[in-house]
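Below is one structure, written out as structure tokens; comments come after it.
In listed order, ligands and their atoms are each counted from 1. Atom set for the values below is all heavy atoms of this structure, side chains included, hydrogens, waters and symmetry mates excluded. One is the number of the first residue; the rest follow in order along the sequence.
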Amino acid sequence: MRKAACPGSFDPITNGHLDIISRASRLFDEVVVAVLINKSKANLFTVEERIELIREVTRDHSNVVVESSHGLLVDFCRARGIQAIVKGLRAVSDFDYELQMAQMNHSLAGVETLFMSTNPQYAFLSSSLVKEVATYGGDVSGLVPDIVLKQLRERLAR
Ligand code: PNS
């Protein structure tokens, strides 16, 4: 069984993430969306809320499962027999850090990283920008799934 992990903070999941997850689900027998803690980022949604949103928007993909991890991504992969990490690359600016993480993960555990080019429609998209634009009342519909939009609006209205 060929398994891949799609890791990230997903705070919240965007249509760019969803595009990568669904494309990966056509290449692998199982895709595990790994909600990980990125200590350098402040979060809007709890890990449980993020998992629930991802489960909701991926429920049509029968081979996609969603889990969280508080440790190293490679330990998560090892424990689940995951051979590959799939990451979306939006632009050259993503590349340096992604390459560094890919090389570190390979050197730690021999886990491969496969980069998938982001759909150009979502090349400018990030969870951080979505949160910032939404915070100031900007329209982010079309950039996140409808259920995420609803939750974002409710959260920011508080
Ligand atoms: O969506 P993000 O915040 O860009 O995702 C980054 C993430 C969470 C995938 C990365 O920080 C990560 O893998 N964190 C888990 C801890 C870990 O394994 N760190 C070493 C990476 S080489």
Region of Asn105 that comes within reach of ligand 1 [heavy atoms, distance under 4.0 Å]: side chain

Distance from atom 5 (O) of ligand 1 to nearest protein heavy atom, with residue and atom: Gly8 CA, 3.6 Å

Enumerated ligand 1 atoms positioned under 4.0 Å from heavy atoms of Gly71: 15 (C), 16 (C)

Spacing of Ser68 atom OG and Ile37 atom CD1 [to the nearest 0.5 Å]: 7.0 Å

Proximity flag Ser69 to ligand 1, non-hydrogen atoms under 4.0 Å: no

Residues Arg80, Glu67; criterion salt bridge (Lys or Arg N to Asp or Glu O under 4.0 Å); working and verdict: CA-CA 11 Å; Arg80 288 159 186 78; Glu67 289 179 39; 2.6 Å; yes

Sole candidate of Glu49, Gln151, Arg50, Arg155 that passes side-chain contact (heavy atoms from CB on, under 4.5 Å) when paired with Leu44: Arg155

Qualifying residue, where the test is side-chain contact (heavy atoms from CB on, under 4.5 Å) with Val66 and the options are Val57, Leu53, Val31, Val35: Val35

Side chain Thr58, main chain His61, donor-acceptor under 3.5 Å: no

Nearest-neighbour protein heavy atom for atom 8 (C) of ligand 1, which is reported as residue plus atom name and distance: Leu36 CB, 3.6 Å

Enumerate, atom names and distances included, each donor-acceptor pair closer than 3.5 Å involving a side-chain atom of residues 96-107, sequence neighbours excluded.
from, atom 1, to, atom 2, distance (Å)
Glu98, OE1, Lys87, NZ, 2.8
Glu98, OE2, Lys87, NZ, 3.4
Asn105, ND2, Met101, O, 3.3

Nearest-neighbour protein heavy atom for atom 6 (C) of ligand 1, which is reported as residue plus atom name and distance: Asn38 ND2, 3.9 Å

Shortest protein contact, atom 19 (N) of ligand 1 (heavy atom only): Leu72 CD2, 3.9 Å

Proximal atoms of ligand 1 relative to Leu73 (non-hydrogen, under 4.0 Å): 13 (O), 17 (C), 18 (O)

Heavy atom of the protein closest to atom 10 (C) of ligand 1 (residue, atom name, distance): Met101 SD, 4.0 Å

Test of proximity, Ser9 against ligand 1: N or O pairs below 3.5 Å: yes

More than 12 heavy atoms from other groups under 6.0 Å of CD on Glu56: yes

Pairs satisfying ring pair (Phe, Tyr, Trp, His ring centres under 6.0 Å), at least one member in residues 7-35, at least two apart: Phe10-His17

Val86 and Ile20: CA distance, side-chain angles, deciding distance, side chain to side chain contact (heavy atoms under 4.5 Å, CB included) verdict: CA-CA 8 Å; Val86 174; Ile20 297 292; 4.0 Å; yes

Enumerated ligand 1 atoms positioned under 4.0 Å from heavy atoms of Met104: 22 (S)

Taking atom 4 (O) of ligand 1 as the reference point, the nearest protein heavy atom with its distance: Lys41 NZ, 3.5 Å

Protein non-hydrogen atom below 4.0 angstrom of atom 17 (C) of ligand 1 present: yes

